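Quick note: numbers below take in every heavy atom, side chains included, and nothing from hydrogens, waters or symmetry partners. Keep in mind that what you see is a predicted model, and the values were worked out from it rather than measured. We count ligands from 1, going down the list as the structure has it; atoms in each ligand are counted the same way.
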Amino acid sequence: MKIEGMEREKKSMISAIAFDVDNTLVDFLGMKEKTARASARAMVREGLPASEKEVYAQIFKVYDEYGIEHQKTFAKVLKKYKLKENEFERIQQAGIAAYLKEKFRCMKAYPQVRETLAKLKGKYILAVITDAPRNKAWQRLILCNLQEYFSEVVTFHDTQKHKPSEMPFKLLLKKLRLKPSQVLFVGDNPDRDIKGAKKMGMKTALAKYGQVLGKNSKEKADFELGNFREILKIV
Ligand SMILES: [Mg+2]
């Protein structure tokens, strides 16, 4: 009963909810898996001497090593094979074209995201804090048809700092003219999203449904979400 009382108190102070984008609003990993499959297929079809399965694994190896947003992924994969210059470029462009086509086709928000944001928007100020570059952040919101819900969108380019730096969180608070305790932050990465928001004094919710990284992290959120809609239960 005591805990319930405390939680009710916490809830009542919240006036804004801020979200991470990738793997919180948008099924980014799902998109990366589908595009990797499509580009592996296209490059093998174009003559790359390997199996689709092997190329798919190579793509994710580059993501693991250089980051999932690395811009020279296919070039790095193709360097492992002995290809002549024109052949290299032809296969690389087949991979890139397949990636882009599939990306625009398959980029999606998680289930119930739009419906839930629509419900929240009447009661709370909604915002975004993402480590994605400004153009990619907006591209993803537009592709998922989510752009209309947010009063403020803070991207990497606004502070040049990644979470858990305090900078993007501070900037949002300044823009919204709110105290940290009035904001609930929702993200999938304990060591970036939850750590950063907690450090600022915000309430936190971990997007368990999208979590890929930090499964053994010591950073604990105030709430955990098994799906996006569960947000309605905590605010
Ligand atoms: Mg994320």
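Without hydrogens or angle criteria, T130 side chain to V21 main chain gives no donor-acceptor distance under 3.5 Å.
For the side chain to side chain contact (heavy atoms under 4.5 Å, CB included) test, residues two or more places apart in sequence or in another chain that qualify with E224 are L206, K208. Under the salt bridge (Lys or Arg N to Asp or Glu O under 4.0 Å) criterion, D27 pairs with no residue, sequence neighbours left out. K34 pairs by the salt bridge (Lys or Arg N to Asp or Glu O under 4.0 Å) definition with nothing, not counting sequence neighbours.
Residues I68 and K32 form a side-chain contact, since some pair of their non-hydrogen atoms from C-beta on lies under 4.5 Å apart.
Counting only protein N, O or S atoms closer than 2.8 Å to the Mg ion (ligand 1) gives 3.
Taking the six-membered ring where the residue is Trp, the centroids of F19 and F185 are separated by 6.0 Å or more.
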